[in-house]
Amino acid sequence: GGTAPAILNAANEVAVDAFLNYRLPYLGIASVVSNVLNRLGAESVISLEQILMRDKESRLLATEQIKELTR
């Protein structure tokens, strides 16, 4: 609940895009999504701005994790 769905969705979109563009193995998708969700954690939703901020943070963190995994 809370902000978790936004975090999960954003990280998943970035990870799947990386997989489709041959930058991440298939099993790496779950790893990236799990790591992003664990690092950011879920919190109660207060506003739309908060959800949009978590979406942006999730995408940035997922991108960083993919870069680290593919070094």
Side-chain angles (χ1 to χ4, degrees):
T3 57
I7 294 168
L8 186 140
N9 182 67
N12 187 63
E13 285 184 5
V14 172
V16 169
D17 181 68
F19 166 71
L20 292 174
N21 287 292
Y22 307 102
R23 295 188 329 263
L24 185 69
Y26 179 74
L27 295 177
I29 295 171
S31 176
V32 168
V33 172
S34 177
N35 288 337
V36 170
L37 188 54
N38 286 334
R39 291 224 9 225
L40 294 180
E43 53 194 27
S44 296
V45 175
I46 299 169
S47 66
L48 177 59
E49 290 78 19
Q50 174 194 24
I51 293 172
L52 295 173
M53 183 176 67
R54 281 297 186 199
D55 179 271
K56 184 176 181 178
E57 292 170 340
S58 300
R59 291 174 190 278
L60 291 172
L61 186 55
T63 300
E64 290 173 11
Q65 295 222 348
I66 291 165
K67 286 179 184 176
E68 289 176 15
L69 289 172
T70 57
R71 284 184 185 176

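Worth knowing before you read on, the calculation uses all heavy atoms, side chains too, and leaves out hydrogens, waters and symmetry mates. Count residues from 1 along the sequence.
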Measure across G1 and P5 and return the closest heavy-atom pair with its distance rounded to 0.1 Å. O-CD, 3.6 Å

Apart from V45 itself, members of its ILVMFWY cluster (side-chain separation under 4.5 Å) are I51

Examine I46 and L52 and state if one hydrophobic cluster contains both, with Ile, Leu, Val, Met, Phe, Trp and Tyr joined whenever side-chain heavy atoms are less than 4.5 Å apart. no

Atom CD1 of I7 and atom CG of N9: how far apart are they, to the nearest 0.5 Å? 11.0 Å

Is there a donor-acceptor pair under 3.5 Å between the side chain of Q65 and the backbone N or O of V33? no

Closest non-hydrogen atom pair, L8 against L37: CD1-CD2, 4.5 Å

Side chain to side chain, E57 and R54, heavy atoms closer than 4.5 Å: yes

Quick check against the 3.5 Å criterion: does N21 have a side-chain atom that pairs as donor or acceptor with the backbone of D17? yes

Heavy-atom neighbours of R23 CZ exceed 12 at 6.0 Å: yes

Which pair of heavy atoms, one from N12 and one from I29, lies closest together, and at what distance? OD1-CG2, 3.7 Å

Applying a strict under-4.5 Å side-chain criterion to I, L, V, M, F, W and Y, I'd like to know whether L40 and L48 cluster together. no

A side-chain contact here means heavy atoms from C-beta on lying under 4.5 Å apart; do V14 and I66 qualify? yes

I need the minimum non-hydrogen distance between T3 and A42, along with the two atoms involved. OG1-CA, 3.5 Å

Y22: what forms a ring-ring contact (aromatic ring centres under 6.0 Å, His included) with it, not counting sequence neighbours? none

Could you list the residues that satisfy side chain to side chain contact (heavy atoms under 4.5 Å, CB included) with A10, not counting sequence neighbours? D55, S58, R59

